[in-house]
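Some notes on the structure that comes next.
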Protein chains: 2
Amino acid sequence: MADNSALVRLLRQLTVETDRFVELFGEKQRMHRTDLNALAVIMDARWSGEPMSPSRLAEALHLSASATTSVLDRLEASGHVERARNPHDRRKVELRTSDKALELGRGFFQPLDGAFTRAWEQFSDADKEVIARFLSASIDATVSVRAGLASPARPE
Amino acid sequence: MADNSALVRLLRQLTVETDRFVELFGEKQRMHRTDLNALAVIMDARWSGEPMSPSRLAEALHLSASATTSVLDRLEASGHVERARNPHDRRKVELRTSDKALELGRGFFQPLDGAFTRAWEQFSDADKEVIARFLSASIDATVSVRAGLASPARPE
DNA sequence: TCCAATAGTTCGGCCGTCGAAAGAATAACG
DNA sequence: CGTTATTCTTTCGACGGCCGAACTATTGGA
């Protein structure tokens with residue numbers, strides 16, 4: 001008999017602890033959640049193709065355009081992000097992360113990565129394959145429930 | 001060779017998706033993150049021993065006393081929480097969740113639980129045991145890194 | 001050239017949060 | 001008992017993030 005409730009509880013606990021970690025890190029850096037999220041999105045975008053724009057950032061963060069401007073003002077003031085107008089279409093603004101932001105990201109992830117690596121030494125590659133499948137399935141489940149919640153009648 | 005980075009990415013993705021789910025649910029219910037978290041803490045407290053008090057809630061949520069009062073005002077106004085003075089020590093206030101809050105919690109978790117149950121049918125009990133160990137280890141790692149971050153010098 | 005569409009920013013207001021101080025109840029001590 | 005200290009919670013004034021609406025700048029067509 002599968003003890004699913006224990007797994008659910010563990011998942012919830014993990015997200016809570018992760019949340020707290022992010023919160024504490026933000027406090028240390030004098031940055032708010034939204035700014036950290038924005039930074040992550042901008043850095044991810046560089047990895048996958050073309051640079052980020054304020055409007056796409058707004059969509060990714062579920063934020064209004066004006067709030068996004070504020071976020072970028074803060075990030076630019078703190079030296080983590082630079083705004084540069086696109087020379088071909090001068091309406092558009094391209095967002096680039098600075099080296100300072102990269103360092104910040106490293107400071108964020110390195111300790112956690114190290115701890116994870118140590119914590120996961122006890123698992124075989126086969127185990128990890130199972131775990132990866134589990135995580136993917138859980139992510140998909142969350143996404144699909146959210147999609148159903150977002151538009152119970154009309155898929156927008 | 002273990003592909004830990006894929007696992008890290010999956011974990012991060014899971015927390016992001018969970019976050020969005022909570023966010024969307026909050027929008028639907030016209031409730032903010034903090035209020036939902038507070039409700040969860042209060043309900044958890046009932047499960048594990050004595051009732052919640054505003055000050056303990058403030059500590060759990062990392063919120064000031066005044067902000068906690070606001071949260072409780074909102075939750076009381078929306079009929080999710082009731083305040084009752086402790087008859088033995090009338091300075092203290094006991095927080096109780098209403099049936100409405102229980103329903104809300106059910107509306108929150110039931111769809112997710114169902115989706116998880118379906119998504120996890122493909123895993124054997126042995127798999128689930130491995131997964132549970134993995135989640136626990138990851139939680140512990142997160143907690144320990146956070147603890148190190150909180151007090152690099154002095155354990156408070 | 002004029003007009004609609006697109007991309008971002010600025011402005012005014014709302015509301016959640018904080019720190020400080022007040023309010024309410026209890027405990028300790030003469 | 002009464003006075004003072006302590007504990008728990010709430011109120012008050014201020015700050016700051018976020019939103020919607022109006023505004024500026026740029027582009028692409030009629």
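Just so it is clear: chains get the letters A, B, ... in the order the sequence lines come, proteins before strands, and each one is counted from 1.
Listed by chain and residue number, nothing satisfies the salt bridge (Lys or Arg N to Asp or Glu O under 4.0 Å) test with A/Arg106 (two or more places apart in sequence, or in another chain).
Following rounding to the nearest Å, A/Asp73 (CG) and D/dG16 (P) show an atom-to-atom distance of 15 Å. In this entry the distance linking CD of B/Glu27 with P of D/dC18 reads 14 Å, nearest Å.
Side-chain contact check for A/Thr34 and A/His32: no donor-acceptor pair (N or O, by modelled atom type) lies under 3.5 Å.
Using a 4.0 Å cutoff on non-hydrogen atoms, the parts of residues 80-98 of chain A near DNA chain C are A/Arg83, A/Arg91, A/Lys92, A/Val93, ordered by number. A heavy-atom distance below 4.0 Å to DNA chain C is reached by none of the residues of residues 29-39 of chain A. Taken residue by residue, residues 51-69 of chain A places heavy atoms nearer than 4.0 Å to DNA chain D at A/His62, A/Leu63, A/Ser64, A/Ser66, A/Ala67.
Here the CG atom belonging to A/Leu7 is positioned 10.0 Å from the OG1 atom belonging to B/Thr117, to the nearest 0.5 angstrom.
Of all non-hydrogen atoms in A/Ser64 and A/Ala67, the two that sit nearest each other are OG-N, 3.1 Å.
Read 5' to 3', the first and last nucleotides of DNA chain C with an atom closer than 4.0 Å to a heavy atom of chain B are C/dG16 to C/dT26.
B/Asp44 has its side chain out of reach of B/Met52: every pair of non-hydrogen atoms, C-beta onward, lies at least 4.5 Å apart. Considering only heavy atoms from C-beta on, A/Phe21 comes within 4.5 Å of B/Val145 through its side chain.
Ion pair A/Asp140/B/Arg118 not flagged as a salt bridge, since none of the NZ, NE, NH1 or NH2 atoms sits closer than 4.0 Å to an Asp/Glu carboxylate oxygen.
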Should A/Phe25 and A/Phe109 be marked as a ring pair (Phe, Tyr, Trp, His ring centres under 6.0 Å) after you check the CA-CA gap, both sets of side-chain angles, and the distance that decides it?
-> CA-CA 11 Å; A/Phe25 185 84; A/Phe109 287 113; 8.4 Å; no

Would you write the dot-bracket representation of DNA chain C, where each base gets (, ), [, ], | or . depending on whether it forms a Watson-Crick or G-U pair under 3.5 Å and with which partner?
-> ||||||||||||||||||||||||||||||

